[in-house]
Amino acid sequence: MSEKKNYYKQVYQVTREIPRGRVTTYGFIADYLALGSARMVGWALNNCGTESPAVPAHRVVNRKGELSGRVFFATPTLMQELLEAEGIVVENDRILNFKEVLWKPAYEEEED
DNA sequence: GTGATGACGCAGT
DNA sequence: GACTGCGCCATCA
């Protein structure tokens, strides 16, 4: 039961590892956890609302840097608000300096 | 057990 | 650079 959904926790864990002012993509998480599909990451984050320590899912975007999951937040603008609050510039639901704020799991602070 | 859906990614156009 | 179609694996009806 819970063990089977352990991979969900893996996704939450990596998401919490994202430093402030940085973001990551479903693809990198999927590759890091070897889920095999980025869809599994999105599906896992869909259940993030059931977690106690509120996973910072607003720091997770798709490969294009789009705030694809904004509709899953309390308000469709909350995700952008949170990102801008961390110094991330968002325009038209997309991160402008995406590559500059992009953070990769395992690599952690490889550069700055 | 089968069919359809989904917070995505990649290749082709 | 943007859009479309297909594939990925897990969960729900």
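Because only heavy atoms are used, hydrogens play no part in the values below, and waters and symmetry mates are left out as well, while side chains stay in. Per chain, numbering begins at 1; letters A, B, ... match sequence-line order. Small disclaimer: the values here were computed from a predicted structure and weren't measured.
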Can you check nucleotides 3-7 of chain C for protein contacts, nitrogen or oxygen pairs under 3.5 Å, and list what you find?
residue: C:dG7; atom: O6; partner: A:Arg39; partner atom: NH2; Å: 3.2

Can you sort out the partners of A:Thr75 under side-chain contact (heavy atoms from CB on, under 4.5 Å), two or more places apart, ordered by chain and number? A:Thr77, A:Leu78

A:Lys9: partners by side-chain hydrogen bond (donor to acceptor under 3.5 Å, both in side chains), with sequence neighbours left out: none

How would you list, by chain and number, every residue that makes a side-chain contact (heavy atoms from CB on, under 4.5 Å) with A:Ser37, sequence neighbours excluded? A:Met40

Is there side-chain contact between A:Thr24 and A:Glu17, with at least one heavy-atom pair below 4.5 Å? no

How close or far is atom C1' of B:dG6 from atom CZ of A:Phe72, stated in whole angstroms? 8 Å

Using a 4.0 Å cut-off on heavy atoms, which residues in residues 81-91 of chain A reach DNA chain B? List them by number, or say none. none

Grab the CG-P distance between A:Asp31 and B:dG9 for me, whole Å please. 11 Å

Map A:Trp43 and A:Ala38 onto DNA chain C by nearest heavy atom, then report which one ends up closer to the 5' terminus. A:Ala38

Spacing of A:Leu67 atom CG relative to B:dA7 atom C1', expressed in whole Å: 10 Å

Within a strict 4.5 Å, meaning less than it, do heavy atoms of the A:Phe28 and A:Leu102 side chains meet? yes

Less than 4.5 Å apart, any side-chain heavy atom of A:Phe98 and any of A:Thr25? yes

For A:Arg94, give me all partners under salt bridge (charged side-chain N to carboxylate O under 4.0 Å, His left out), at least two apart in sequence or on another chain. A:Glu66

Just to verify, what does A:Arg16 make a side-chain contact (heavy atoms from CB on, under 4.5 Å) with, not counting sequence neighbours? A:Tyr12, A:Gln13, A:Glu51, A:Pro53, A:Val55, A:Pro56

Measure from the side chain of A:Ser37, starting at C-beta and using heavy atoms only, and say which of C:dC8, B:dG6, B:dA7 lies closest. C:dC8

For A:Arg63 and C:dG1, what is the distance between atoms CZ and C1' respectively, to the nearest whole Å? 12 Å

Could you note down all residue pairs passing salt bridge (charged side-chain N to carboxylate O under 4.0 Å, His left out) where residues 28-37 of chain A supplies at least one of them, sequence neighbours left out? none

Taking only residues two or more places apart in sequence or in another chain, which ones pass side-chain contact (heavy atoms from CB on, under 4.5 Å) with A:Leu96? A:Val89, A:Glu91

Are side-chain heavy atoms of A:Glu81 and A:His58 found at a separation under 4.5 Å? no

Among B:dA7, C:dT11, B:dG9, find the nucleotide with the atom closest to the side chain of A:Tyr7. C:dT11

Quick one: do A:Glu86 and A:Arg22 make a salt bridge, cutoff under 4.0 Å? no

To the nearest angstrom, the CG-P distance between A:Leu102 and B:dG9 comes to 11 Å

In this structure, how many angstroms lie between the C1' atom of B:dG9 and the CZ atom of A:Phe28, rounded? 12 Å

I'd like a table of atom pairs between the protein and nucleotides 11-13 of chain B - only N or O on both sides, under 3.5 Å - with the distance next to each one.
none

Heavy atoms only, 4.0 Å cut-off, all strands: where does A:Asn46 land among base, sugar-phosphate and nothing? base

According to salt bridge (charged side-chain N to carboxylate O under 4.0 Å, His left out), who are the partners of A:Glu84, at least two apart in sequence or on a separate chain? none

To the nearest Å, give me how far apart OH (A:Tyr8) and P (C:dC9) are. 16 Å

Between CD of A:Glu100 and CD1 of A:Ile88, what distance do you get to the nearest 0.5 Å? 11.0 Å

Stretch residues 50-58 of chain A: residues that reach within less than 4.0 Å of DNA chain B through a heavy atom: A:Ala57

Can you measure A:Leu35 atom CG to B:dG9 atom P for me and round it to whole angstrom units? 12 Å

